[in-house]
Amino acid sequence: MLLDQTNKSKNIVAAKIISVFYPRVFVCTEKGDCWTLNLSKKEKSDSLFWEEMKRIYQASLWIPVGKKYHQLLDNGWLAPAQPFA
């Protein structure tokens, strides 16, 4: 569950990869919804991307996924930069 409940964070959901096989990645959310991720052409053709998806799957890590478009978010867990006072 996300601690920050701003409008931007409400479109982000934590998901765990349940299956990785080219050209699809299947995930399930904390609430039990299961989706096929919508991957870009660049992601589909990137061998390093597929290796990392397999490693994330094997480690059972939770990843940030957009609820609306079912896409991976590269900065989904990052909080906005806070200036030091």
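As the structure is a computational prediction, the values presented were derived from the model and not from experiment.
Considering all non-hydrogen atoms of both residues, L39 and K44 come closest at O-CE, 3.8 Å. Nearest heavy atoms, M53 versus L72: CE-CD1, 4.0 Å. Across all non-hydrogen atoms, the minimal contact from K67 to W35 is CA-CH2, 4.0 Å. Of all the heavy atoms in V20 and K54, the pair that sits closest is CG1-CG, 4.0 Å.
The shortest distance between side-chain heavy atoms of Y57 and V25 does not fall below 4.5 Å.
Grouped by direct or indirect side-chain proximity (heavy atoms under 4.5 Å, Ile/Leu/Val/Met/Phe/Trp/Tyr only), F26 sits with I18, F21.
Here the CD-CD1 distance, from E51 to I56, works out to 11.0 Å after rounding to the nearest 0.5 Å. Atom CD1 of residue I17 and atom SG of residue C28 lie 11.5 Å apart, to the nearest 0.5 angstrom. The CG atom of N38 sits 13.0 Å away from atom NZ of K68, with the distance rounded to the nearest 0.5 Å.
Looking at residues two or more places apart in sequence or on another chain, you find a ring pair (Phe, Tyr, Trp, His ring centres under 6.0 Å) between Y22 and W50. Applying the ring pair (Phe, Tyr, Trp, His ring centres under 6.0 Å) criterion to F49, with sequence neighbours excluded, gives no partner residue.
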Kindly indicate, with the supporting measurements, whether the criterion side-chain contact (heavy atoms from CB on, under 4.5 Å) is fulfilled by V65 and T29. CA-CA 9 Å; V65 175; T29 67; over 6 Å; no
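Ion pairing between a basic and an acidic side chain is recognised when a charged N comes within 4.0 Å of a carboxylate O; E52 and R55 show such pairing.
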